[in-house]
Amino acid sequence: MSIPQSITIEHLLASPSHRYEGRPSDGAAPAHALELHERIELREGLGIVGDRYFGHAAHRDAAVTIMAAESLEHVAEALQLGAVPDFAATRRNIQVRGLDIDAMRGATFSLDSGEGPVLLRATRPANPCGWMDAELAPGAHRALLRRGGMRCAVLSDGVLTLGAAVVTVH
């Protein structure tokens with residue numbers, strides 16, 4: 001087990017519906033009014049309660065997506081944008097600061113934001129798609145290569161909240 005590391009959970013997203021269906025040129029479906037949360041509940045083998053992928057067998061090993069805030073800052077810098085793109089447009093579930101999540105493929109780790117640890121396994125990259133150019137900025141798809149985050153399996157029940165957290169690699 002590694003030494004616990006302090007990080008920050010900056011955003012939590014759980015959406016009951018898909019927004020990116022069809023072609024990017026057609027535009028995304030409207031955002032659901034209550035997608036961003038201060039607290040989310042996770043269930044072992046199922047994902048995030050209230051999320052569009054919760055309980056879907058095809059997503060059990062990839063029910064949660066985690067992205068580093070630094071990845072969106074890289075997009076803003078690389079594309080010379082005036083501001084950092086909106087996290088919600090990435091459709092990732094959890095945005096963290098201070099963790100190189102993209103380097104954790106295959107790792108089992110826990111996140112603890114104060115209500116007990118939630119055990120996760122980083123199963124595969126959450127590769128960016130063409131929607132990133134349409135929703136974040138032209139060129140964002142390329143800027144996010146190898147920085148799109150990780151898809152994770154949920155290995156224990158628990159709760160995550162915004163703010164200070166601790167990550168421990170097991």
* To do: With side chain to side chain contact (heavy atoms under 4.5 Å, CB included) as the test, would you mind laying out the steps for I66 and L111 before giving the verdict?
  => CA-CA 11 Å; I66 303 176; L111 288 176; 4.2 Å; yes
Atom pair [atom1]/[atom2] of [X] and [Y] - distance to nearest 0.5 Å:
{"X": "L144", "Y": "N127", "atom1": "CG", "atom2": "CG", "answer": "10.5 Å"}
{"X": "E41", "Y": "L160", "atom1": "CD", "atom2": "CG", "answer": "10.5 Å"}
{"X": "T108", "Y": "H170", "atom1": "OG1", "atom2": "NE2", "answer": "8.0 Å"}

* **Salt-bridge present (R91, E135; N to O < 4.0 Å)** =>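 Here R91 does not pair with E135 in a salt bridge, since their nearest N and O are not under 4.0 Å apart.
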* Would you call D133 and R142 a salt bridge, taking side-chain N to carboxylate O under 4.0 Å as the test? ->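 No, this pair does not count.
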* Neighbour count above 12 (heavy atom, 6.0 Å) for E38 CD ->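 For E38, atom CD is not crowded (no more than 12 foreign heavy atoms under 6.0 Å).
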* **Q5 CD: over 12 foreign heavy atoms closer than 6.0 Å** =>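 Atom CD in Q5 is crowded, with more than 12 foreign heavy atoms closer than 6.0 Å.
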* Please say which of R147, R97, Q95 ends up in a side-chain contact (heavy atoms from CB on, under 4.5 Å) with E70. =>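 Going through the options one by one, the only one that passes is R97.
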Going only through I, L, V, M, F, W and Y residues with side-chain contacts under 4.5 Å, is there a path from [X] to [Y]?
{"X": "L42", "Y": "L162", "value": "yes"}
{"X": "I9", "Y": "M104", "value": "yes"}
{"X": "L119", "Y": "L46", "value": "no"}
{"X": "I7", "Y": "V159", "value": "no"}
{"X": "V169", "Y": "I94", "value": "yes"}

* In terms of the angle between their ring planes, are H56 and H59 parallel, tilted or perpendicular, with boundaries placed at 30° and 60°? ->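 Answer is tilted, since the angle falls between 30° and 60°.
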Can you give me the closest heavy-atom contact between [X] and [Y], atom names plus distance?
{"X": "T123", "Y": "R105", "result": "O-NE, 3.9 Å"}
{"X": "A83", "Y": "A76", "result": "O-CB, 3.7 Å"}
{"X": "A14", "Y": "H37", "result": "O-NE2, 3.2 Å"}

* To do: Please lay out, stage by stage, how R52 and E35 fare under the test salt bridge (Lys or Arg N to Asp or Glu O under 4.0 Å).
  => CA-CA 11 Å; R52 62 203 176 279; E35 291 181 331; over 6 Å; no
* With distance as the sole test, does S71 use its side chain to make a donor-acceptor pair with the main-chain N or O of G148 at under 3.5 Å? ->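 Checked: no pair found.
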